[in-house]
Amino acid sequence: MDESVGTLQFTTIGDIIKKHREQASLSITQLSNLSGVHKGVISKIELGDTKRPELRTIKAISHVLEIPYQKIVAHYIDVEKRVETLKELLLEAVQFANEPLVSKVAIKLLESPQEDTYNAIEQLYLLTKNLTDTAFQLLLYKIIAQYARERGVPPYVAKSLLQIYLIERLDLKQMEDSFKAGEKILYYVDFLSQEEKTTYYFRMGLQAFAIKKYKQCIELCEAGLALETTETELKARAYLAMINSYYFLDNFDAVQRHLDVFEKFQYDFVADATKTTRGIVKARLKEFHPAIPLLRRCLDEVDKDIKIHVVIELLDAYFQTEDMDSIAELLAREEEFLPDSPQTPYKHVSIGIYHQLKGNYMMRKGHFDAGISSYVTSLQAYGTVNAKEEIIKCTADIFSHFSNNLKSTDSHFADMIHLVAILVKIASPKDA
């Protein structure tokens, strides 16, 4: 194929078809027989008499002539105004993963003279919501948000910003940035439906907890609880995040008070979480005599998904009581409680804390290789969610143990270099 034909920029669909047909040495009649398109239709398209041919016609002709479909579509949308056809073209552009073409078709759809602005935005929004490719969802929601803002349609500014937030919050390394973006939705929150508001407050509350904004977590969850009148799993999980926030703020009275409400939710994780939290509070209050037996029972009884949190509290209690034998016994049961596939930032951080504590124990017992291995795993877990505060604490433990064991430092110099390399990698930009 002549490259000049494939790169025409200023021509019509008819010109492109004619050029490719002639280059293929096909008559209009031959092309008609091969494509199933009437020769009169082909002739009118080539002559420019048909300014807006049917999409199925163009598909059939371009297939026979081996015209790059994305190229002919780029010309086709210049004359196409029908919303349904533009929606079809948009879906196909997504399928081809052609970002510039997706953007161009989306703007064309929004500017269609056949729909008023609100309806055009609504149609593109609904189409975007049904896509499975989150990258293109993100692209289209951003186009909708900007277009709706410029045209003074705040409901779809709000809806699109919410969807953008719900996608971007899933990037565990960018939680601080996506949370800040989510805060901007507060200016538009009154334009959201009650269901969307509830989702927004609860999801923001959960993320606030994950990035240790405990007071904001409580405020956001309370705003969602004031709106949600039915029992949902998201509501229960938001309630638990609020309880945990009170815990980290050392407001144990509030923890106990809200646990009495939380334990009435009818979800599998609720009973385990309630029992575990009560034991953890006792440990935090240094009531080790009742706390340790309660936590040990929890370890045997609760679902594996939350065992890691029980183990961390037990390890901390054992360190404070200098019960090294119980720590060794607990570490030997590692396969029972380490999560198989952590999904939340809180879970990744918990895995990091566990391996950090394990590293501390191994170093205290003189098992330097095992200690280093645990520290490496800890740093990697923290790095997954960019947990800077935990990385700093783990680093302090590492250097403290190496400085306290100067005799081992020379023989483990290479290991120290390896740990520093991991720290540098964690601190580097995501795409570096």
Any ion pair linking Glu231 and Lys235 (charged N to carboxylate O, less than 4.0 Å)?
no

Sequence neighbours excluded, which residues qualify as ring-ring contact (aromatic ring centres under 6.0 Å, His included) partners of Tyr239?
His258, Phe265

Are the aromatic rings of Tyr118 and Tyr156 close, with centres under 6.0 Å apart?
yes

Among Arg333, Lys307, Lys275, whose salt bridge (charged side-chain N to carboxylate O under 4.0 Å, His left out) with Asp300 holds?
Arg333

Salt bridge present between Glu84 and Lys87 (N-O < 4.0 angstrom):
yes

Less than 6.0 angstrom from the centroid, inside 45 degrees of the normal: does Arg284 satisfy that with respect to the ring of Tyr247?
yes

Apply side-chain hydrogen bond (donor to acceptor under 3.5 Å, both in side chains) to Thr57 and list each qualifying residue two or more places apart in sequence or on a separate chain.
none

Can you list everything that forms a side-chain hydrogen bond (donor to acceptor under 3.5 Å, both in side chains) with Glu92? Sequence neighbours excluded, please.
Lys59, Tyr69

How about Glu150: does its CD atom have over 12 heavy atoms from other parts shown lying under 6.0 Å from it?
yes

So, using salt bridge (Lys or Arg N to Asp or Glu O under 4.0 Å) as the criterion, who are the partners of Lys286 when residues are at least two apart?
none

Just do the side-chain hydrogen bond (donor to acceptor under 3.5 Å, both in side chains) check on Glu115 and Gln123 with the steps written out, would you?
CA-CA 10 Å; Glu115 294 284 354; Gln123 291 207 46; 3.0 Å; yes

Would you say Lys304 has more than 12 foreign heavy atoms packed within less than 6.0 Å of its NZ?
yes

How about CD on Gln95, more than 12 heavy atoms from neighbouring residues, nucleotides or ligands closer than 6.0 Å, or not?
no

Considering residues at least two apart in sequence or located in another chain, which fulfil the salt bridge (Lys or Arg N to Asp or Glu O under 4.0 Å) criterion with Glu263?
Arg278

Check the surroundings of atom CD in Glu322: do more than 12 heavy atoms from other residues, nucleotides or ligands lie under 6.0 Å from it?
yes

Strictly below 4.0 Å, N to O, side chains only: are Glu168 and Lys142 in salt-bridge contact?
yes

Between Thr198 and Glu196, is there a side-chain donor-acceptor contact under 3.5 Å, judged purely by atom types and distance?
no

Could you check whether Asp397 and Tyr375, counting side-chain N and O atoms only, form a donor-acceptor pair closer than 3.5 Å?
no

Would you say the side chains of Asp316 and Gln320 form a donor-acceptor pair under 3.5 Å?
yes

If the test is side-chain hydrogen bond (donor to acceptor under 3.5 Å, both in side chains), which one of Gln356, His348, Lys388, Glu390 qualifies with Tyr382?
Gln356

Mutual orientation of the aromatic rings belonging to Tyr346 and His309 [parallel < 30°, tilted 30-60°, perpendicular > 60°]:
parallel

Specify whether Phe248 and Tyr214 have parallel, tilted or perpendicular ring planes, treating 30° as the upper limit for parallel and 60° as the lower limit for perpendicular.
parallel

Are Glu389 and Lys393 ion-paired here, with the side-chain N under 4.0 Å from a carboxylate O?
yes

Can you name the residues that form a ring-ring contact (aromatic ring centres under 6.0 Å, His included) with His355, not counting sequence neighbours?
none

When you look at NE2 of His367, are more than 12 heavy atoms from neighbouring residues, nucleotides or ligands closer to it than 6.0 Å?
yes

